[in-house]
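The model shown is predicted, which means the values in this text are computed figures rather than measured ones. The first residue in the sequence is number 1, and the count goes up from there. Note: hydrogens, waters and symmetry copies are ignored here, and every other heavy atom, side chains too, is used. Ligands are counted one by one from 1 in listed order, and the atoms in each one are counted from 1 as well.
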Amino acid sequence: MSRDRRHDFPELPAVETLRDAPYDARGVTLDVLRLDRLHPLWGGNKVFKLLPNLHRAEALGLRRVISFGGAYSNHLHALAAWGAEHGVQTVGIVRGEAPARPGPTLRELHERGMHIRHVSRAEYRRRHDPAWVGEVTRELMPALVIPEGGDNAEGFAGCRELGHSIAALAGGWDVIALACGTGTTLAGVVAGSGAYVLGVAALRDAAGITACAAAHLAPTVRRFRVLERFAGRGFARIDAELAAFMAQFTQRNGVPLDPVYTGKLFLGLHTLVGEGRFPPGTRVLALHTGGLQGARGASCGRILPAAHAVPL
Ligand SMILES: Cc1ncc(COP(=O)(O)O)c(C=O)c1O
């Protein structure tokens with residue numbers, strides 16, 4: 001049973017130890033917590049960020065929830081699924097004009113009854129500006145507005161509970177590793193687990209992610225580091241090296257990865273282990289934060305030679 005009974009988080013799946021040759025060769029233990037197994041639609045880190053937000057909406061008597069994301073957003077995908085199952089009306093403010101042929105994520109948002117409002121990429125850049133958010137959401141009120149990626153106090157608190165649950169497993173890990181977008185999950189796991197946390201950035205902005213994570217934490221808490229070097233050409237860009245790594249990793253270990261988050265995490269760990277950055281005897285717990293739905297996007301599946309990678 002999860003520690004936080006208020007939110008009824010699902011029980012964590014059993015930790016799996018991977019016997020992956022590069023780790024064995026360096027005497028490093030790689031354990032994986034398959035949060036993706038928690039639920040096919042809102043598993044991964046999503047349940048921890050969304051559940052406290054949705055409970056807040058309920059407590060405030062709000063039956064509509066608005067949030068933000070791209071056309072392949074895991075966050076909007078999970079929110080729409082939750083809303084459909086629990087009778088909560090959901091609205092997605094989606095980055096970029098409506099495509100002529102929507103990808104699988106957008107199609108499923110529609111199918112699950114999410115009301116989609118497309119905004120230009122220029123407008124979307126103002127998603128953190130309260131005045132703009134007020135403007136785009138005004139006629140949709142009353143509603144709970146959740147920022148992009150569930151990066152708010154509730155999202156952080158849910159991830160802190162995840163951290164507590166990991167600490168309760170008492171696995172003796174030297175480092176917990178996870179992929180970062182906003183840094184909210186990292187911050188929560190740092191706060192709740194008391195362990196050292198290594199973040200692998202999915203985008204080329206380790207400084208921004210670090211600042212965002214630090215904003216959730218007390219200034220004295222420095223038990224984390226965000227690495228940018230595995231972000232490749234940037235957010236949601238896949239190149240031949242990442243694609244080849246993911247295919248080989250999944251074949252060796254039977255663990256499916258997505259190219260936006262978990263692919264970069266495991267590529268990063270594999271590289272660091274190969275470089276001997278972890279002393280023999282190090283025990284690593286990698287969090288599989290889900291996101292497998294995003295791997296179906298046509299843009300994510302289009303593999304580009306690194307030199308020709310384009311923004312998605
Ligand atoms: C699958 C997956 N992993 C990791 C992350 C990163 O989470 P955060 O934005 O809290 O850093 C996300 C984004 O929410 C995600 O969808």
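Here the heavy atom of the protein found nearest to atom 6 (C) of ligand 1 is G181 N, 3.3 Å. The protein heavy atom nearest to atom 4 (C) of ligand 1 is T289 OG1, 3.3 Å.
The side-chain hydrogen bond (donor to acceptor under 3.5 Å, both in side chains) test with Q293 singles out one residue from D36, D258, T105, and that residue is T105. When each of L60, L54, N53 is tested with R56 by the rule side-chain contact (heavy atoms from CB on, under 4.5 Å), just one qualifies, namely L60.
Contact annotation for N45 and ligand 1: only side-chain heavy atoms (C-beta onward) come within less than 4.0 Å of the ligand. Heavy atoms of K46 found under 4.0 angstrom from ligand 1 belong exclusively to the side chain. At a heavy-atom distance under 4.0 Å, atoms from both the backbone and the side chain of T182 approach ligand 1.
Applying the 4.0 Å criterion to heavy atoms of K49 picks out, from ligand 1, the atoms 7 (O), 8 (P), 9 (O), 10 (O), 14 (O). Applying the 4.0 Å criterion to heavy atoms of T185 picks out, from ligand 1, the atoms 7 (O), 8 (P), 10 (O). For ligand 1, the atoms sitting less than 4.0 Å from at least one non-hydrogen atom of N74 are 1 (C), 15 (C), 16 (O), numbered in the order shown with element in parentheses. Ligand-side atoms of ligand 1 in range of G291: 1 (C), range being under 4.0 angstrom from any heavy atom. Of all the atoms in ligand 1, the ones that sit under 4.0 Å from a non-hydrogen atom of G290 are 1 (C).
Taking any N or O of G183, backbone or side chain, at least one lies under 3.5 Å from an N or O belonging to ligand 1.
Within the 4.5 Å cutoff, the side chain of H216 has no heavy atoms near those of the V190 side chain.
Here the two rings, on H270 and F245, have centers that are under 6.0 Å apart.
Of the N and O atoms on the side chains of E108 and H77, at least one donor lies less than 3.5 Å from an acceptor on the other residue.
At least one heavy atom of A179 lies less than 4.0 angstrom from ligand 1.
For E16 and R37, the salt-bridge test passes: some basic side-chain N is under 4.0 Å from an acidic carboxylate O.
Classified by interplanar angle (parallel below 30°, tilted 30° to 60°, perpendicular above 60°), the ring pair Y261/F235 is perpendicular.
Judged by distance alone, the side chain of K264 and the main-chain N or O of F230 form no donor-acceptor pair under 3.5 Å.
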